[in-house]
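Here the structure is laid out as structure tokens; the discussion comes afterwards.
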Amino acid sequence: MMLILVLLTSCTQPQKEEKAAIVVGFSQSGTESNWRKRHTESIKEELGKENYQVLYRNGFMNQERQIQDIRTFIAYKVDIIIFTPLKEDGWEPVLKEAKDAGIPVIITDRNVNITDNSLFLTHIGPSFKAEGNRAGLYAYNYFKDKEKEHINILELKGLSSTSPTTLRHDGFMETIQRDPRMNITLTRDADYIRLKGKEQMNKLIEEGLLEDIDILFSHNDEMTHGALDALDAHKVKKDLVIITIDGQEDMITQLKKGRINAVVECNPNAGWYVRNTISRYFNNQSIPQEIYMPETIFSDQSQLDAIPTRNY
Ligand code: GZL
């Protein structure tokens with residue numbers, strides 16, 4: 001009797017549907033800096049706290065590869081796509097494919113240059129223009145009470161046609177124009193890469209072009225490290241105001257040593273914001289079109305021993 005009872009209940013009781021785990025496709029642009037590595041870790045760590053299945057692809061700074069990665073996610077029918085665009089253009093077709101497949105897309109860190117905002121759910125990232133503003137404001141305040149006829153600036157720029165490079169430059173220009181003595185007299189591209197920063201600075205030193213430069217404004221810490229490597233290699237002893245962006249631990253160390261003047265923070269810890277946005281999406285809660293990360297600036301005016309340890 002008992003056996004029949006067990007068989008009956010087990011057959012009649014519907015098997016509890018195991019809710020399939022949400023599948024997240026995460027396409028990262030590359031691994032060019034410690035900042036980027038932290039950005040990746042932060043997102044993976046936070047998504048790991050949910051029982052999501054995460055498919056991670058590294059685009060190795062190759063947009064074509066990244067587009068293929070996103071197409072793989074679409075073919076795999078993931079539930080949502082997170083991606084950091086290497087550059088700002090060329091994304092419309094694949095974002096349209098994702099939309100046609102009914103897959104929402106969250107853009108993190110760098111942004112895309114598209115007109116149709118329905119092609120993505122939201123952008124989660126820094127305010128690159130504000131970072132440029134803070135860098136320029138530091139430069140302006142540093143020289144405002146100093147007697148000097150001209151203030152010449154060398155700008156080490158990140159990868160071209162990317163939102164951080166464009167907006168950091170625009171933000172910097174916006175604030176230095178308060179001082180007519182200030183001008184960017186030299187610009188070099190180093191793609192956010194340490195070795196390229198070193199190569200560009202080596203060339204400028206060898207060509208004698210560093211002589212008239214008062215300020216180095218560098219779009220990220222990796223390129224600044226490269227520039228410092230070149231200055232050391234050539235034993236350059238020159239008063240140079242150095243302003244950099246990211247806030248890597250090893251750059252805060254240089255700030256504390258007095259080697260550089262200001263580190264504008266670019267917050268890589270997007271993980272919690274991405275996790276929260278995915279949760280809001282699947283719970284049908286509202287999501288703003290733009291989610292900015294909190295950031296600040298550390299400089300020789302800050303209480304250096306109060307700067308929180310960086311996790312990148
Ligand atoms: C900015 C990010 C930039 C960092 C660099 O959010 O895209 O790319 O500033 C990184 O370190 O290479």
Side-chain angles (χ1 to χ4, degrees), residues 26-43 58-63 66 82-89 91 106-113 122-136 155-172 188-198 200 216-229 242-252 254-255 260 262-274 290-298 310-312:
F26 174 20
S27 162
Q28 181 55 280
S29 57
T31 48
E32 74 285 356
S33 65
N34 284 330
W35 186 97
R36 177 71 55 210
K37 288 173 194 135
R38 177 59 206 156
H39 182 249
T40 302
E41 282 162 7
S42 166
I43 293 171
N58 178 353
F60 296 101
M61 292 182 78
N62 175 325
Q63 183 171 21
Q66 247 197 311
I82 319 288
F83 96 110
T84 296
L86 174 69
K87 295 208 161 197
E88 50 193 359
D89 299 311
W91 297 100
I106 294 175
I107 298 172
T108 68
D109 179 28
R110 298 176 186 175
N111 216 331
V112 294
N113 212 351
T122 186
H123 171 256
I124 300 171
S127 166
F128 302 119
K129 187 156 185 203
E131 294 167 353
N133 288 152
R134 290 184 190 108
E155 184 178 17
L156 259 188
K157 295 182 86 170
L159 188 63
S160 62
S161 310
T162 64
S163 46
T165 301
T166 307
L167 295 172
R168 284 170 180 170
H169 170 81
D170 294 352
F172 185 76
R188 291 294 183 274
D189 292 329
D191 299 352
Y192 293 122
I193 292 169
R194 180 170 186 152
L195 184 59
K196 291 189 177 184
K198 182 176 182 178
Q200 291 290 18
L216 165 62
F217 167 47
S218 169
H219 287 192
N220 91 324
D221 293 348
E222 297 291 352
M223 298 188 296
T224 307
H225 276 304
L228 293 176
D229 294 342
I242 300 179
I243 304 165
T244 183
I245 300 179
D246 269 349
Q248 295 179 174
E249 188 63 46
D250 51 12
M251 194 47 70
I252 298 297
Q254 295 299 327
L255 174 68
I260 60 159
V263 186
V264 175
E265 182 187 31
C266 177
N267 187 346
N269 299 301
W272 180 89
Y273 299 88
V274 169
E290 183 69 56
I291 300 170
Y292 284 114
M293 316 268 297
E295 300 179 326
T296 184
I297 179 170
F298 306 111
R310 324 297 299 151
N311 50 10
Y312 59 106

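First listed ligand is number 1; within each ligand, the first listed atom is number 1. Along the sequence shown, residues carry numbers from 1.
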(Q) Taking side chain to side chain contact (heavy atoms under 4.5 Å, CB included) as the definition, give me every residue that meets it alongside S42, ordered by chain and number, with sequence neighbours left out. (A)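 By the side chain to side chain contact (heavy atoms under 4.5 Å, CB included) rule, S42 matches R38, N269.
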
Q.
N58: which residues meet the side chain to side chain contact (heavy atoms under 4.5 Å, CB included) condition with it, sequence neighbours left out?
A.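 Side chain to side chain contact (heavy atoms under 4.5 Å, CB included) list for N58, sorted by chain: T31, Y56, F60.
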
Q: Can you sort out the partners of K196 under salt bridge (Lys or Arg N to Asp or Glu O under 4.0 Å), two or more places apart, ordered by chain and number?
A: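 Checked K196 against salt bridge (Lys or Arg N to Asp or Glu O under 4.0 Å); matches are D191.
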
Give every pair formed by an N or O atom of ligand 1 and a protein N or O atom closer than 3.5 Å, one pair per line with both atom names and the distance to 0.1 Å, or write none.
residue, atom, partner, partner atom, Å
ligand 1, 6 (O), D109, OD1, 2.3
ligand 1, 7 (O), R36, NH2, 3.0
ligand 1, 7 (O), D109, OD1, 3.3
ligand 1, 7 (O), D109, OD2, 2.7
ligand 1, 7 (O), R110, NE, 2.8
ligand 1, 8 (O), R36, NH2, 3.1
ligand 1, 8 (O), R110, NH2, 2.8
ligand 1, 9 (O), R168, NH1, 3.0
ligand 1, 9 (O), R168, NH2, 3.2
ligand 1, 9 (O), D246, OD1, 2.7
ligand 1, 9 (O), D246, OD2, 3.4
ligand 1, 11 (O), S33, OG, 3.1
ligand 1, 11 (O), N220, ND2, 2.9
ligand 1, 11 (O), D246, OD2, 2.6
ligand 1, 12 (O), E32, OE2, 2.5
ligand 1, 12 (O), S33, OG, 3.4

Just how far is it from atom [atom1] of [X] to atom [atom2] of [Y], taken to the nearest 0.5 Å?
X    : Y    : atom1 : atom2 : value
L195 : E32  : CG    : CD    : 14.0 Å
M251 : E265 : CE    : CD    : 14.5 Å
N111 : N113 : CG    : CG    : 8.5 Å

